[in-house]
Trainee: 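Below is the structure I would like to discuss, written out as structure tokens.
The figures here come from the full heavy-atom set of this structure, side chains too, leaving out hydrogens, waters and symmetry mates. Both ligands and their constituent atoms are indexed starting at 1 by order of listing. Numbers for residues simply follow the sequence, beginning at 1.
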Amino acid sequence: MLPKHSRRLYRFGENRAMPSDRSFDVLVLGAGAAGLMCAAQAGQRGRRVALLEHNAQPGRKILISGGGRCNFTNLHCTADRFLSDNPHFAKSALALYQPRHFIEMVDRYGIAWHEKTLGQLFCDRSARLILDMLLSECDRGHVELVLNARNAQVERSAAGFTVTCSQGTFHADAVVVATGGLSIPKMGATGLGYDLARQFGLRIVEPRPALVPLVLGGEESRFPGLAGVSAEVAAWAAADKAKRAGGKKAAPRFREKMLVTHRGLSGPAVLQASSYWHPGQPLVVDFAPGLPASAGLLDSLLQPTARRDLGALRQALYRALPQRMADRMVEAAAPQGWSNAALEAVERRLRAWEFHPVGTEGFDKAEVTAGGVNTDDLQARTLEAREVAGLFFIGEVVDVTGHLGGFNFQWAWASAVAAARAL
Ligand SMILES: Cc1cc2nc3c(=O)[nH]c(=O)nc-3n(C[C@H](O)[C@H](O)[C@H](O)COP(=O)(O)OP(=O)(O)OC[C@H]3O[C@@H](n4cnc5c(N)ncnc54)[C@H](O)[C@@H]3O)c2cc1C
């Protein structure tokens, strides 16, 4: 049974009069996943916390997450499931607050959940239960939630931080920036976090859309004739030679579904690969990821007595792909003849097919923003700015981006708790 939070949780900016004393220990900007968690934890540690949100409601992205069921964590939460210019940065916070800690809280609130696939945990009923839980936790910490707090500006003086916004002026010794990334502007995403980072001298890794559908153009725009067709593939962003020469690892392969859309490619395999994709790079797709390299897709045609023609080629592809997609691939990859060498060349192409996306569907469609506040300018254990005491950045605004499957929320929770323990 969820405790009642809404009666006690102050929601200034809705219908309550603002008190004259607006001094707090901590001001948290952004009442999304990370901001709610950080405010609750800091409040429960006895800090006087105000949580400033420019929307009229908190946690809007939580409500739409996981198709309305919120994929709130992932059981396999290792650092290699995150992208960052510094792949080690997230380790400390992720070790401090692990999926089991969040699950304990979810269980304490009696929220039923299930593992859908690959360690992804979803609510049985509704994402609203996760938001209500976080609001209840804020209530336990006597957090003052200030909604409709627009046009926030932050200044720092010897006396501490001052935040001025449409709801008035607030003072505190510490400010936690939890305003998220640029994805889905219609949900309230803004670049405030990046602006504040720059204002206080922190560097930014250029933000870019991630977990985002890719757009095809030119000849390849004929693929979307297959819009709606999906197949299990392995997809990956082609190796960036410059980065590999610099000792960076090749982008990982994702074996999941690919969906053809009206504009290009989507589905989990492509969304995952998109986070590693940069303009100009090919997206590579293995259309038969279940087959070992030794057992070829076209083995049946390579038998000495086998029929070798387009019909036989189609039949071979039907074993791996939906019929419409197989027909399209036969058109696109028709062999230059029927010799073993020609068939082997087709096979190689189908196992590493290169698409040349002309772009992504942008921040409007991106589930997250990659890049963000440069982790070199933050302390890994606390998320505090190295050069600005009392200024913290947590959640998606930081250059730490999870794979699809609950990792982004786990980063939001973990980075929030790391900061809260230092407040
Ligand atoms: C459709 C969709 C589905 C998703 N599903 C999942 C999922 O199932 N599992 C998962 O792990 N991740 C999922 N994600 C990603 C996940 O929602 C984010 O990574 C996570 O919410 C980041 O938390 P955050 O607190 O850093 O940012 P946010 O949750 O975006 O919160 C930022 C808050 O700051 C507020 N804000 C922004 N600008 C200002 C400003 N100028 N002044 C005041 N307040 C401001 C925003 O209104 C918002 O409330 C999904 C994302 C989308 C778009």
Trainee: Does an N or O from Ala33, backbone or side chain, lie closer than 3.5 Å to an N or O of ligand 1?
Mentor: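 Right, the criterion is met.
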Trainee: How far is atom 10 (C) of ligand 1 from its nearest protein heavy atom, and which residue and atom name does that atom have?
Mentor: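 Heavy-atom neighbour on the protein nearest atom 10 (C) of ligand 1: Phe409 CD1, 3.1 Å.
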Trainee: Check whether any side-chain N or O of Glu347 sits under 3.5 Å from a backbone N or O of Leu297 as a donor-acceptor pair, and report yes or no.
Mentor: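 Judged by distance alone, yes, a pair lies under 3.5 Å.
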Trainee: Side chains of Met105 and Met37: closer than 4.5 Å at any heavy-atom pair?
Mentor: yes
Trainee: With a distance cut-off below 6.0 Å to the six-membered ring centre and an angular limit of 45° from the axis, does Arg349 pair with Trp353 as a cation-pi contact?
Mentor: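 Ring-cation test returns yes.
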Trainee: So is there a nitrogen or oxygen of Gln410 less than 3.5 Å from a nitrogen or oxygen in ligand 1?
Mentor: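 Gln410 vs ligand 1: no N/O contact under 3.5 Å.
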Trainee: Between the side chain of Ser183 and the main-chain N/O of Thr369, is any donor-acceptor distance below 3.5 Å?
Mentor: yes
Trainee: Roughly how far, to the nearest 0.5 Å, is CZ of Arg81 from CG of Leu404?
Mentor: 11.0 Å
Trainee: What protein heavy atom lies closest to atom 44 (N) of ligand 1? Include the residue and the distance to one decimal.
Mentor: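 Protein heavy atom with the smallest distance to atom 44 (N) of ligand 1: His54 N, 3.3 Å.
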Trainee: Within less than 4.0 angstrom of ligand 1, does Ala189 place any heavy atom?
Mentor: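 The answer is no: ligand 1 sits nowhere under 4.0 Å from a heavy atom of Ala189.
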Trainee: May I ask you to check if ligand 1 and Gly66 share an N or O to N or O distance below 3.5 Å?
Mentor: yes
Trainee: With atoms numbered from 1 as shown, which atoms in ligand 1 lie under 4.0 angstrom from a non-hydrogen atom of Val368?
Mentor: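 The list of qualifying atoms is 15 (C), 19 (O).
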Trainee: Please identify which atoms of ligand 1 are closer than 4.0 Å to at least one heavy atom of Asn408.
Mentor: 11 (O), 12 (N), 19 (O)
Trainee: Quick test: of every protein heavy atom, which one is nearest to atom 1 (C) of ligand 1, and how far off is it to 0.1 Å?
Mentor: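 So the nearest neighbour among protein heavy atoms is Ile64 CD1, 3.5 Å.
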Trainee: Tell me the protein heavy atom at minimum distance from atom 9 (N) of ligand 1, and give that distance in Å.
Mentor: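 Minimum-distance protein heavy atom for atom 9 (N) of ligand 1 reads Asn71 O, 2.9 Å.
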Trainee: Given Gly68, Ala31, Gly193, Ala34, which one has a non-hydrogen atom that is nearest to atom 25 (O) of ligand 1?
Mentor: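 It is Ala34 whose heavy atom sits nearest to atom 25 (O) of ligand 1.
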Trainee: As a quick check of understanding, evaluate side chain to side chain contact (heavy atoms under 4.5 Å, CB included) for Leu378 and Leu202, giving each step before the final call.
Mentor: CA-CA 9 Å; Leu378 300 173; Leu202 286 82; 3.8 Å; yes
Trainee: Quick test: of every protein heavy atom, which one is nearest to atom 41 (N) of ligand 1, and how far off is it to 0.1 Å?
Mentor: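 Of every protein heavy atom, Thr190 OG1, 3.1 Å lies nearest to atom 41 (N) of ligand 1.
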Trainee: Kindly check if the number of other-residue, nucleotide or ligand heavy atoms within 6.0 Å of CZ (Arg381) is above 12?
Mentor: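 No - once you tally the heavy atoms of other residues, nucleotides and ligands closer than 6.0 Å, there are 12 at most.
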Trainee: Quick one about Thr73 and Gln410 (side-chain donor to acceptor, distance below 3.5 Å, no hydrogens or angles considered), yes or no?
Mentor: yes
Trainee: Between atom CG of Asp173 and atom CZ of Phe24, what is the distance when rounded to the nearest 0.5 Å?
Mentor: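 The CZ atom of Phe24 is 12.5 Å from CG of Asp173, to the nearest 0.5 Å.
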Trainee: Under a 4.0 angstrom heavy-atom cut-off, which atoms of ligand 1 come close to Ala178?
Mentor: 32 (C), 33 (C), 34 (O)
Trainee: Output the distance between atom CG (Asn148) and atom CZ (Arg150), rounded to the nearest 0.5 Å.
Mentor: 4.5 Å
Trainee: For atom 34 (O) of ligand 1, what is the closest protein heavy atom, and at what distance to 0.1 Å?
Mentor: Gly30 CA, 3.3 Å
Trainee: Give the atoms of ligand 1, by number and element, whose distance to some non-hydrogen atom of Gly395 is under 4.0 Å.
Mentor: 26 (O)
Trainee: Hey, looking at atom 4 (C) of ligand 1, which of Glu53, Lys61, Glu367 has the closest heavy atom?
Mentor: Glu367
Trainee: Should Ile130 and Phe102 be marked as a side chain to side chain contact (heavy atoms under 4.5 Å, CB included) after you check the CA-CA gap, both sets of side-chain angles, and the distance that decides it?
Mentor: CA-CA 11 Å; Ile130 298 293; Phe102 195 78; 4.3 Å; yes
Trainee: At a 4.0 Å cut-off, with the gap strictly under it, does some heavy atom of Gly406 reach an atom of ligand 1?
Mentor: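 Within the 4.0 Å threshold, so yes.
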Trainee: In terms of residue, atom name and distance, what is the protein heavy atom nearest to atom 3 (C) of ligand 1?
Mentor: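 For atom 3 (C) of ligand 1, the nearest protein heavy atom comes out as Ser65 CA, 3.6 Å.
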Trainee: Is Ile184 touching ligand 1 with its side chain, its backbone, both, or neither, if touching means heavy atoms under 4.0 Å apart?
Mentor: side chain
Trainee: To which protein heavy atom is atom 18 (C) of ligand 1 closest, and what is the distance rounded to 0.1 Å?
Mentor: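 Minimum-distance protein heavy atom for atom 18 (C) of ligand 1 reads Glu396 OE1, 3.1 Å.
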Trainee: Using non-hydrogen atoms of the residue, decide whether Asn55 is closer than 4.0 angstrom to ligand 1.
Mentor: yes
Trainee: Please work out which of the three classes, parallel, tilted or perpendicular, describes the rings of Tyr276 and Phe254, given edges at 30° and 60°.
Mentor: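 Ring orientation of Phe254 relative to Tyr276: tilted.
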Trainee: One pair to check against ring-ring contact (aromatic ring centres under 6.0 Å, His included): Phe407 and Trp411. What are the steps and the verdict?
Mentor: CA-CA 6 Å; Phe407 300 102; Trp411 169 246; over 10 Å; no
